[in-house]
*Asks:* 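Have a look at this one.
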Amino acid sequence: MNWAGLYTVLSGVNRHSTAIGRIWLSVIFIFRIMVLVVAAESVWGDEKSAFTCNTQQPGCNSVCYDHFFPISHIRLWALQLILVTTPALLVAMHVAYQQHQEKKLLVLTGHADPKHMEEVKKHKMRIAGSLWWTYVCSVVFRLLFEAVFMYIFYMLYPGYQMMRLVKCEAYPCPNTVDCFISRPTEKTIFTVFMLVTSSICIILNMAELVYLVVRACARRGQHHSNPSSGKSSFYGHKHSSEYKQNEINQLLTEQDGSLKDMLRRNSGLQEKGDRCSAC
Amino acid sequence: MDWGALHTILGGVNKHSTSIGKIWLTVLFIFRIMILVVAAEKVWGDEQDDFVCNTLQPGCKNVCYDHFFPISHIRLWALQLIFVSTPALLVAMHVAYRRHEKKRQFRKGDQKCEFRDMEEIRKQRFRIEGSLWWTYTSSIFFRLIFEAVFMYAFYFMYDGFRMPRLMKCNAWPCPNTVDCFVSRPTEKTVFTIFMIAVSSICILLNVAELCYLLTKFFLKRSKKAGNSKQQPNHENKEETKQNEMNELISDSCQNTVIGFSS
C-alpha cells in the first residue's frame, strides 16, 4: 500500500464528488502528494546524515538533531495527507451502502438483470438526503485536519523558515555548540510551497462547504414552492400498476433520480404520458 | 503518485489535442520526464555528499552548498514539469463537463443529441471549437508562461547554464575564503544544456500550436463571413435560420447536426 494505492481508492470517490471536490482531489494528488514523492523526499533524504555539529563529542549530533526535529517535515506532511484524504472514504462507504440498497430494490421490483445491476454500479449518485450529510461531514473533517496540522507545524517549527545554524546545549554536548542544517534554503522553499498548497486546499474545502449549503437551501426553497411533485396527480384515477409504479418511484426518489429514470424508461411508463392517459 | 500516474492522467487529454499537442506531450514524457528519472537524478544523486570544501571547519561545507545551490536543478526541473503539464487538466475538465452535459441530455431523451448509447458519448472525441477552443488556448498560454518563468528562474539562480568545477566560498563559519569542488560538473553541464534545449523545443511547439489554433479560427471565421455574403438577398430565409440553429447546436453538441423539419 503506497500513494498509488491511495490514489486508486480515492479515484472511485471522485465520481460522486462535486466539481470543487474534484479540483481539490487533483490539487492534493498533483501539487502535494506528487511534489512530496518526486521532490521533497529527496531534499530531506540526508537531513540527519548531513546535520553537522561543531564538536567531536559522541552523541551530541544525535541529541541535537532530535531536539530540533522531533518529527521530520516529510513525515508530518505524509500524515497530514493521509488524514486529510481519508474522510472521503466515509462518502465512498455511504455510496456503497446506497448502491447495495438500490440493488436490493431492483431485485424486489423484478429488474434484477445484469444490465440494470451494472448501471447501478456505474451511475453517479446525487448528493442529496443522507449522502449530503455524510459529504458535508467529510468536508468538515478535512478542514479540521488541515487546520490542526498547520497549527502543529507552526508550533513545532515557528516561522516556517529553516535556519542554516542552530545552537544546541543539550547533554552530552559539552557547551553551546553550533549545528548546521543541510540544504536550509531548499527546505524553506518546499515548506512554503506545501503551506501555500495546503491553504489553497483549505479555501477549496470552504468553498465546497458553502456551495453544498447554498444548494441544499435552494433545493429546499424549490421543494416548498412545488409541494405536489411526487404525489399522484392522476385526477383520482389510480390504475393498480401505475399506482405501484408511483410508490416505487417515491421510494426511489430517496435513492437517486437516475435510477428512477432508468426504471421508468424500461418499464415504458412516462410520467407526462400517464397524466394524459388518465384523463 | 509518481510520474507514471501523471502519464496516465495526461494520456486521456491526448485524445482531444491537436497533432502538435500530441507531439508536445510525447516530447515532454520521453525527452524530459524520462531523461530526468533514468539519468539526471543519478547524476545529481551525490551532489551534497560529494561537494567537498578545502576546510575541516564543521558546517562550512553545508553553508557553502546552501549558498551556491538554493534549490537543486533536479527539484527545479521536477517542479517545472509538474507545472507545465497541469494546464492540460483544464482541457480534461472541460471535456468531462461537456460529456456530463451530453449524458444528461441523453438520459432526458433529448432528440437534439442522438447517440446510440452511453459508450458512444464516452468514446467521442470533441472538436476544438467554441468554448473548448478558449480553454485549450488558455492552457497553451499558461504552459508557455510556466516554461518561460522556470527558464528565467534557472538562469537567474545559476547565472548561465554552466556548472563550474570550483567555487570560492567565505560564508560564516568558514574561517576565510575556501575552495569548494562540485561533483561531476561536466556531466551536469551536459544534462543542463540538454534539458534547456528540450525546454526550448517545447516552447517552440507551444508557440506553433497557438499559431495553428489562431490561424484555424480566423480561417473559419472568414469562411463563415464569405458564406453569408453569398446570400445577400436572404431569399432562403429558412436555410439561413437553419444555419444559425446549426451553429447554436454545434456549440453544445459537437459533431452532430440534425436538420429540423421545416
*Asks:* When you look at CE of B:M34, are more than 12 heavy atoms from neighbouring residues, nucleotides or ligands closer to it than 6.0 Å?
*Replies:*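 At most 12 heavy atoms, drawn from other residues, nucleotides or ligands, come within 6.0 Å of this atom.
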
*Asks:* In terms of heavy-atom pairs under 4.5 Å with chain A, which of B:A171, B:A78, B:A96, B:P173 leads?
*Replies:*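 It is B:P173.
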
*Asks:* A:T18: which residues meet the side chain to side chain donor-acceptor pair (under 3.5 Å) condition with it, sequence neighbours left out?
*Replies:*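 Here the qualifying residues are A:E208.
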
*Asks:* Report which part of B:I74 has an atom under 4.5 Å of a heavy atom belonging to chain A: side chain, backbone, both, or neither.
*Replies:*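 No part of it gets close to chain A.
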
*Asks:* If I measure from the heavy atoms of chain A, does B:L36 come under 4.5 Å with its side chain, its backbone, both, or neither?
*Replies:*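 Neither part; nothing is under 4.5 Å.
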
*Asks:* Need one label for B:S85: side chain, backbone, both or neither, based on atoms under 4.5 Å from any heavy atom in chain A.
*Replies:*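 For B:S85, neither part sits under 4.5 Å from chain A.
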
*Asks:* First locate atom CZ of A:F193, then atom CD1 of B:I71, and finally report the distance between them rounded to the nearest 0.5 Å.
*Replies:*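 If we round to the nearest 0.5 Å, A:F193:CZ and B:I71:CD1 are 9.5 Å apart.
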
*Asks:* Kindly give the heavy-atom pair with the smallest separation between B:S72 and A:E186, and that separation in Å.
*Replies:*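 So the minimum-distance heavy-atom pair works out to N-OE2, 3.0 Å.
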
*Asks:* Check this for me: B:Y155, atom OH, are more than 12 non-hydrogen atoms of other residues, nucleotides or ligands nearer than 6.0 Å?
*Replies:*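 Not more than 12 within 6.0 Å, no.
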
*Asks:* Can you tell me if A:R15 has over 12 outside heavy atoms packed within less than 6.0 Å of its CZ?
*Replies:*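 Yes - once you tally the heavy atoms of other residues, nucleotides and ligands closer than 6.0 Å, there are more than 12.
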
*Asks:* Specify which of A:S49, A:C179, A:S42 makes the most heavy-atom pairs with chain B at under 4.5 Å.
*Replies:*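 Of the options given, most contacts go to A:S42.
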
*Asks:* For A:F69, does the CZ atom sit with more than 12 other heavy atoms under 6.0 Å from it, leaving out its own atoms?
*Replies:*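 Yes, because the 6.0 Å sphere around CZ of A:F69 holds more than 12 heavy atoms from other groups.
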
*Asks:* Could you list which of residues 55-67 of chain B have a heavy atom closer than 4.5 Å to any heavy atom of chain A, in residue-number order?
*Replies:*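 Interface residues of residues 55-67 of chain B: B:Q57, B:P58, B:G59, B:N62, B:V63, B:Y65, B:D66, B:H67.
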
*Asks:* Evaluate the ring planes of A:F180 and B:W172, with Trp represented by its six-membered ring, and classify them as parallel (under 30°), tilted (30 to 60°) or perpendicular (over 60°).
*Replies:*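 The rings of A:F180 and B:W172 sit tilted, inter-plane angle from 30° to 60°.
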
*Asks:* For chain A, which residues from residues 133-143 of chain B lie under 4.5 Å away (heavy-atom distances)?
*Replies:*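 Residues of residues 133-143 of chain B touching chain A at under 4.5 Å: none.
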
*Asks:* For B:K168, which residues count as a side chain to side chain donor-acceptor pair (under 3.5 Å) partner, sequence neighbours excluded?
*Replies:*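 Scan of B:K168 (side chain to side chain donor-acceptor pair (under 3.5 Å), adjacent residues dropped) gives B:D179.
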
*Asks:* Got a sec: does the CE of B:M151 have more than 12 other heavy atoms crowding it under 6.0 Å?
*Replies:*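 Result for CE/B:M151: enclosed.
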
*Asks:* Considering only heavy atoms, which portion of A:R164 lies under 4.5 Å from any heavy atom of chain B: side chain, backbone, both, or neither?
*Replies:*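 Just its side chain gets close to chain B.
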
*Asks:* Side chain, backbone, both or neither: which part of A:D46 has an atom under 4.5 Å from a heavy atom of chain B?
*Replies:*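 Interface part for A:D46: side chain.
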
*Asks:* Is A:V38 close to B:I82 at the side-chain level, that is, under 4.5 Å between some pair of heavy atoms?
*Replies:*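 Yes. Closest side-chain heavy atoms under 4.5 Å.
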
*Asks:* Give, for atom CG of B:L6 and atom CZ of A:F29, the distance between the pair rounded to the nearest 0.5 Å.
*Replies:*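 It comes to 13.0 Å.
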
*Asks:* I need the residue from A:T188, A:I23, A:I181 with the largest number of non-hydrogen atom pairs under 4.5 Å to chain B.
*Replies:*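 Most heavy-atom pairs under 4.5 Å with chain B: A:I181.
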
